[in-house]
Amino acid sequence: KYGYEVVFDRKGLEEVSGDYVLGLFADSHIPYVLDRDANTPSLLDMTKKAIEILERNPNGFFLMVEGGRIDHACHTNDVASTVAETKEFDDVVGYVLEYAREKDDTLVIVTADHETGGLAVGIDYGSPVNVEKMKGIKKSISFMVAEIKKGGDIKDVIKTYAGIELTDDEVRMIRENARKNPKYGLSNALGEAISEKVGVKFASHKHTGEPVPLMVYGLGAENFGGFMHHTDTSKMMAKLMLFGSSEP
């Protein structure tokens, strides 16, 4: 009715060419990188198409790209998904920076609304993080939880999809957490157990008070620096977009 082309998968996104596009690629959240099939476009696919459409506007454009599932992975303490989702976001940042370097009128801001989980890698002396074991995790915690809830044995599921052997005590801990917290207990306990197996820990399953990065490149970047409150960041963005400078 409003002139939007609606697309539902990677092929539809690749072929769409209109000026108004709505992409609906999942019934709820986009699947995690580790769980995605070939029909679901990546964040980079969506970013490239968005820029292709928006840059037709002679007055320029504003685009927000969110790696939203990094937050969800950290809530679950799902370290493998946290890394995979952050890597996908980093690919987008790399593409956008290359785009901005070819222009003289583009500002790129990379930040976050908050930190989640409080990921820590210093749980022992030396080099405690087992990167190879982390790379061996093939599915998200959410996927493994679904398999267990369908009747899969906890040890077998974790061994199959994470390549990790759980002890009987760890299984008892996981089951006890699932009993105490039917909604999140199973996923939270799995995240804690698997994280420790690969040499990392999270401080919580909630949002934390950690300062978040504010990294800026391009036209007007000199107006940002050090610590800024989010409201001040948004005000500066508005000034640059509306007036072309930081002056009121």
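These numbers come from the heavy atoms of this one structure, side chains and all, not from hydrogens, waters or symmetry mates. For the single chain, residues carry numbers from 1 onward in sequence order.
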TODO: Determine whether N177 and N188 make a side-chain contact, defined as any pair of heavy atoms from C-beta on separated by less than 4.5 Å.
DONE: no
TODO: Please lay out, stage by stage, how V216 and V108 fare under the test side chain to side chain contact (heavy atoms under 4.5 Å, CB included).
DONE: CA-CA 6 Å; V216 190; V108 179; over 6 Å; no
TODO: Work out which heavy atom in P31 is nearest to a heavy atom in T40; give both atom names and the distance.
DONE: CD-CG2, 4.1 Å
Open item on the list: Could you work out, with salt bridge (Lys or Arg N to Asp or Glu O under 4.0 Å) as the rule, every residue matching E15, not counting sequence neighbours?
Closed with: K11
Open item on the list: Taking G191's backbone N and O only, do any of them form a donor-acceptor pair with S195's side chain (distance below 3.5 Å, no angle check)?
Closed with: yes
Task: Hydrophobic cluster (4.5 angstrom, side-chain heavy atoms) - remaining members for L219 - done: none
Task: Side chain proximity check, N77 to H205, heavy atoms < 4.5 angstrom - done: yes
Open item on the list: Does Y184 have more than 12 heavy atoms from other residues, nucleotides or ligands lying within 6.0 Å of its OH?
Closed with: no
Open item on the list: Could you see if L186 belongs to whatever hydrophobic cluster contains L34? Use Ile, Leu, Val, Met, Phe, Trp, Tyr and a side-chain cutoff under 4.5 Å.
Closed with: no
Task: Non-neighbouring partners of H229 that pass ring pair (Phe, Tyr, Trp, His ring centres under 6.0 Å), sequence neighbours left out - done: none
Open item on the list: Looking at every non-hydrogen atom in both residues, tell me the closest pair between S142 and Y32 and how far apart they are.
Closed with: OG-CE1, 3.6 Å
Task: Polar side-chain atom of R69 near backbone of I30 as donor-acceptor pair, under 3.5 Å - done: yes
Task: Main-chain N/O of D78 paired with S81 side-chain donor or acceptor, under 3.5 Å - done: no
Open item on the list: When you compare the side chain of L107 with that of F224, does any pair of heavy atoms fall below 4.5 Å?
Closed with: yes
Open item on the list: Which heavy atom of T106 sits nearest to which heavy atom of A100, and what is that distance?
Closed with: CG2-CB, 4.1 Å
- [ ] Check the pair K87, D91 against salt bridge (Lys or Arg N to Asp or Glu O under 4.0 Å), reporting the backbone distance first and the verdict last.
- [x] CA-CA 6 Å; K87 172 60 170 63; D91 291 340; 2.7 Å; yes
TODO: Determine whether L44 and Y95 make a side-chain contact, defined as any pair of heavy atoms from C-beta on separated by less than 4.5 Å.
DONE: yes
Task: Atom of A193, atom of L166 and distance for their closest heavy-atom approach - done: CB-CD2, 4.2 Å
Open item on the list: When you measure from the side chain of T76 to the backbone of H72, do you find a donor-acceptor pair of N or O atoms at a distance under 3.5 Å?
Closed with: yes
Open item on the list: For residues 41-63, which residue pairs pass the side-chain hydrogen bond (donor to acceptor under 3.5 Å, both in side chains) check, not counting sequence neighbours?
Closed with: R10-D45, D19-R56, S42-D45, K49-E52, E55-Y99
Task: L13 versus V16, closest heavy-atom pair with distance - done: O-CG1, 3.2 Å
Open item on the list: Would you say that M134 contacts V129 through its side chain, given a criterion of any heavy-atom pair below 4.5 Å between the two side chains?
Closed with: yes
TODO: Using modelled atom types only, decide if a donor and an acceptor are shared between the side chain of S234 and the backbone of T231 within a distance under 3.5 Å.
DONE: yes
Task: Any donor-acceptor pair under 3.5 Å from E88 side chain to L43 backbone - done: yes
Task: All salt bridge (Lys or Arg N to Asp or Glu O under 4.0 Å) counterparts of E98, not counting sequence neighbours - done: R101
TODO: Could you note down all residue pairs passing side-chain hydrogen bond (donor to acceptor under 3.5 Å, both in side chains) where residues 119-141 supplies at least one of them, sequence neighbours left out?
DONE: D35-S140
Task: Contacts of D105 that satisfy side-chain hydrogen bond (donor to acceptor under 3.5 Å, both in side chains) - sequence neighbours left out - done: none
- [ ] Please list, chain by chain and in numerical order, all residues satisfying ring pair (Phe, Tyr, Trp, His ring centres under 6.0 Å) with H114, sequence neighbours excluded.
- [x] H207
Open item on the list: Connecting only ILVMFWY residues whose side-chain heavy atoms lie within less than 4.5 Å of each other, what is the rest of V212's hydrophobic cluster?
Closed with: none
- [ ] Report the hydrophobic cluster partners of I123, with the cluster defined as I, L, V, M, F, W, Y residues connected by side-chain heavy atoms closer than 4.5 angstrom, directly or transitively.
- [x] none
Open item on the list: Could you go through I148 and L190, starting from their C-alpha distance and side-chain angles, then the distance that decides it, and tell me whether this counts as side chain to side chain contact (heavy atoms under 4.5 Å, CB included)?
Closed with: CA-CA 11 Å; I148 292 168; L190 285 179; 3.8 Å; yes
TODO: Compare all side-chain heavy atoms of Y161 with those of E147 and state whether any distance is below 4.5 angstrom.
DONE: yes
Task: Test log, rule side chain to side chain contact (heavy atoms under 4.5 Å, CB included), inputs E192 and I174 - done: CA-CA 9 Å; E192 291 170 16; I174 290 167; over 6 Å; no
Open item on the list: Do H230 and T111 have side chains that approach each other closer than 4.5 Å (heavy atoms only, starting at C-beta)?
Closed with: yes
- [ ] Flag yes if F202 and M173 sit in one hydrophobic cluster, no otherwise; membership is Ile, Leu, Val, Met, Phe, Trp, Tyr, and two members link when side-chain heavy atoms are under 4.5 Å apart.
- [x] yes
TODO: Return yes if some donor-acceptor pair links the side-chain N/O of E5 with the main-chain N/O of V21 below 3.5 Å, else return no.
DONE: no
TODO: Enumerate the residue pairs fulfilling salt bridge (Lys or Arg N to Asp or Glu O under 4.0 Å) with a member in residues 199-218, sequence neighbours excluded, ordered by first and then second residue.
DONE: E196-K201
Open item on the list: Could you check whether any side-chain heavy atom of K197 comes within less than 4.5 Å of a side-chain heavy atom of E165, counting everything from C-beta outward?
Closed with: no
- [ ] Kindly give the heavy-atom pair with the smallest separation between V65 and F89, and that separation in Å.
- [x] O-CE1, 4.0 Å
- [ ] Report the hydrophobic cluster partners of Y20, with the cluster defined as I, L, V, M, F, W, Y residues connected by side-chain heavy atoms closer than 4.5 angstrom, directly or transitively.
- [x] Y2, Y4, V6, F8, L22, L24
